[in-house]
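Each remark here refers to the structure printed beneath this line.
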Amino acid sequence: MIKFPNAKINLGLNIVNRRPDGYHNIETVFYPIALTDIVEIVKAKGELSTLTTSGRPVDCPVEKNLVMKAYRSLEKEFNLPLVDIYLRKNIPDGAGLGGGSSDAASVMLILNEMFMLNLSKEELAQRAARLGADCAFFIYNTPMMATGIGDILSPTEVQLKGKTLLLVKPNVSVPTAVAYSRVTPKPSDIELTNILSQPIAEWKNLLKNDFEPSVFAAHPELADIKQQIYDLGAVYASMSGSGSSIFGIFESANMAENAKSAFAEIDAYVINL
């Protein structure tokens with residue numbers, strides 16, 4: 001059985017406060033985009049469950065990969081049969097796009113269907129949240145307002161249909177733990193939902209990603225890319241998550257394609273929203 005786990009971008013990202021457990025409470029909107037990995041699960045040919053990866057390099061031991069963790073969690077609970085998992089990576093890692101979390105969520109969705117576990121999306125999301133803060137979002141895979149550590153989700157009416165995304169991923173990696181260590185949490189002055197209800201042209205001066213100041217200070221080239229995307233005609237641009245990908249929202253596919261040509265030396269993608 002095959003699924004195509006997709007990436008996400010963050011529309012706004014407020015780091016509200018640091019929790020007693022060391023995590024941070026945030027406010028953001030997760031928005032799914034059509035940049036996908038491929039995951040296939042079949043019954044095992046041998047006497048062990050396996051994970052085989054291809055595409056972009058995966059620098060992670062098999063048993064620490066979120067894909068295998070997702071399988072192991074349901075295997076333990078439901079005594080699942082052995083499986084072979086094949087994962088082709090297209091979504092860049094270290095980019096704030098949630099690729100690993102999406103892969104894990106897809107594994108849970110496949111196993112639920114493949115072995116008729118009859119778990120609801122809510123039940124799957126509860127299990128996915130134990131693997132990572134944004135894993136639960138990918139079970140639903142529709143625009144969601146996320147609070148808590150990113151695991152408390154509620155539907156949002158934000159829609160970008162008809163717009164085109166330019167996504168730029170430079171050769172920079174920003175470890176999430178390092179990014180969090182450099183931010184100064186504080187509640188936002190304006191409700192995120194109020195900002196997102198405004199026309200997209202108004203977002204530039206209102207919709208912030210709290211990771212940007214410290215990440216841009218460490219990697220000025222990211223700030224340059226964001227400004228360049230604006231200069232090329234984007235109505236809104238931002239870093240996604242804790243970085244390092246930068247996206248711009250364009251009114252037309254032609255504008256986004258023309259802008260992409262300015263980033264011929266690094267990974268860049270044009271995605272219809």
Side-chain angles (χ1 to χ4, degrees), residues 6-15 26-36 90-92 94-99 142-146 156-174 179 188 190-273:
N6 59 271
K8 58 81 180 166
I9 54 172
N10 294 78
L11 299 177
L13 208 169
N14 303 327
I15 314 296
I26 68 170
E27 297 171 339
T28 190
V29 166
F30 292 135
Y31 198 95
I33 61 172
L35 174 64
T36 67
N90 301 313
I91 301 171
L97 299 173
T142 60
M144 287 279 185
M145 178 76 176
T156 175
E157 295 183 0
V158 176
Q159 282 295 337
L160 298 175
K161 286 183 179 174
K163 305 290 191 276
T164 303
L165 192 80
L166 172 64
L167 181 69
V168 179
K169 171 59 174 75
N171 189 25
V172 173
S173 185
V174 182
S188 177
I190 309 174
E191 289 276 345
L192 185 56
T193 50
N194 290 344
I195 296 172
L196 290 170
S197 67
Q198 303 295 316
I200 295 177
E202 302 295 322
W203 290 3
K204 180 177 181 179
N205 298 317
L206 299 172
L207 191 62
K208 309 294 185 184
N209 179 337
D210 284 346
F211 283 115
E212 285 190 0
S214 58
V215 171
F216 286 0
H219 303 283
E221 63 269 41
L222 300 182
D224 292 343
I225 289 171
K226 179 180 175 181
Q227 185 57 54
Q228 190 175 1
I229 289 173
Y230 269 127
D231 293 343
L232 291 165
V235 290
Y236 177 71
S238 176
M239 187 171 73
S240 187
S242 58
S244 61
S245 67
I246 308 290
F247 67 86
I249 298 172
F250 288 79
E251 292 288 359
S252 75
N254 282 342
M255 290 179 68
E257 288 286 356
N258 289 337
K260 179 185 175 183
S261 64
F263 301 99
E265 301 302 317
I266 55 179
D267 289 341
Y269 311 84
V270 171
I271 301 164
N272 292 324
L273 295 171

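We use all heavy atoms of the structure for the numbers below, so side chains are in, but hydrogens, waters and symmetry mates are not.
Partner of L192 under the side chain to side chain contact (heavy atoms under 4.5 Å, CB included) criterion, chosen from L196, N194, I190: L196.
Taking 4.5 Å as the limit, every side-chain heavy atom of F30 sits out of range of all side-chain heavy atoms of P143. A 4.5 Å side-chain heavy-atom check between T156 and L11 finds every atom pair outside the cut-off. I225 is listed as a side-chain neighbour of F263, based on a closest heavy-atom distance under 4.5 Å. Side-chain contact between V215 and S242: absent, with no pair of heavy atoms (C-beta onward) separated by less than 4.5 Å. Side-chain contact check for I33 versus L273: some heavy-atom pair is nearer than 4.5 Å.
Formation of a donor-acceptor pair under 3.5 Å by the S240 side chain with backbone atoms of S245 is not found in this model. For N209 (side chain) and M239 (main-chain N/O), a donor-acceptor pair under 3.5 Å exists by modelled atom type. Between the side chain of Y230 and the backbone N or O of V235, no donor-acceptor pair lies under 3.5 Å. Without hydrogens or angle criteria, S244 side chain to V172 main chain gives a donor-acceptor distance under 3.5 Å. Within the 3.5 Å criterion, the main-chain N or O of E191 finds no donor-acceptor partner in the side chain of S188. In this structure, the side chain of D267 does not engage the main chain of P92 through any donor-acceptor pair within 3.5 Å.
Annotation: E157, atom CD; neighbour count of heavy atoms from other residues, nucleotides and ligands within 6.0 Å does not exceed 12.
Atom CZ of F250 is separated from atom OG1 of T164 by 9.5 Å, given to the nearest 0.5 angstrom. Note: L97 CG to F247 CZ = 10.0 Å, rounded to the nearest 0.5 Å. Of the inter-residue distances, the one linking I9 atom CD1 with T28 atom OG1 reads 9.5 Å to the nearest 0.5 angstrom. Atom NZ of K169 sits about 9.0 Å away from atom CD1 of I266, to the nearest 0.5 Å.
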Query raised in the report: For V270 and L165, what are the C-alpha separation, side-chain angles and deciding distance, and is it a side-chain contact (heavy atoms from CB on, under 4.5 Å)?
Result: CA-CA 6 Å; V270 171; L165 192 80; over 6 Å; no

Query raised in the report: Could you go step by step and tell me if I229 and I246 meet the side-chain contact (heavy atoms from CB on, under 4.5 Å) rule?
Result: CA-CA 9 Å; I229 289 173; I246 308 290; 3.8 Å; yes

Query raised in the report: Does the pair V29 and M144 meet the rule for a side-chain contact (heavy atoms from CB on, under 4.5 Å), with working shown?
Result: CA-CA 5 Å; V29 166; M144 287 279 185; over 6 Å; no

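Among all heavy-atom pairs drawn from W203 and I195, the shortest one is NE1-O, 3.3 Å. The heavy-atom pair separating L160 from Y31 by the smallest distance is N-OH, 2.8 Å. Residues Y269 and N90 come closest through the heavy atom pair OH-O, 4.1 Å. Listed here is the closest heavy atom pair of M145 and T193: SD-CG2, 4.4 Å. Of all heavy-atom pairs spanning L166 and A256, the tightest one is CD1-O, 4.3 Å. Pairing each heavy atom of N14 with each of K208, the nearest pair is OD1-O, 4.1 Å.
A donor-acceptor pair shorter than 3.5 Å can be found between the side chains of Q227 and D231. Neither side chain, K8 nor N6, offers a donor N or O lying under 3.5 Å from an acceptor on the other.
Cation-pi geometry between K226 and F216 is not satisfied (NZ or CZ under 6.0 Å from the ring centre, within 45° of the ring normal).
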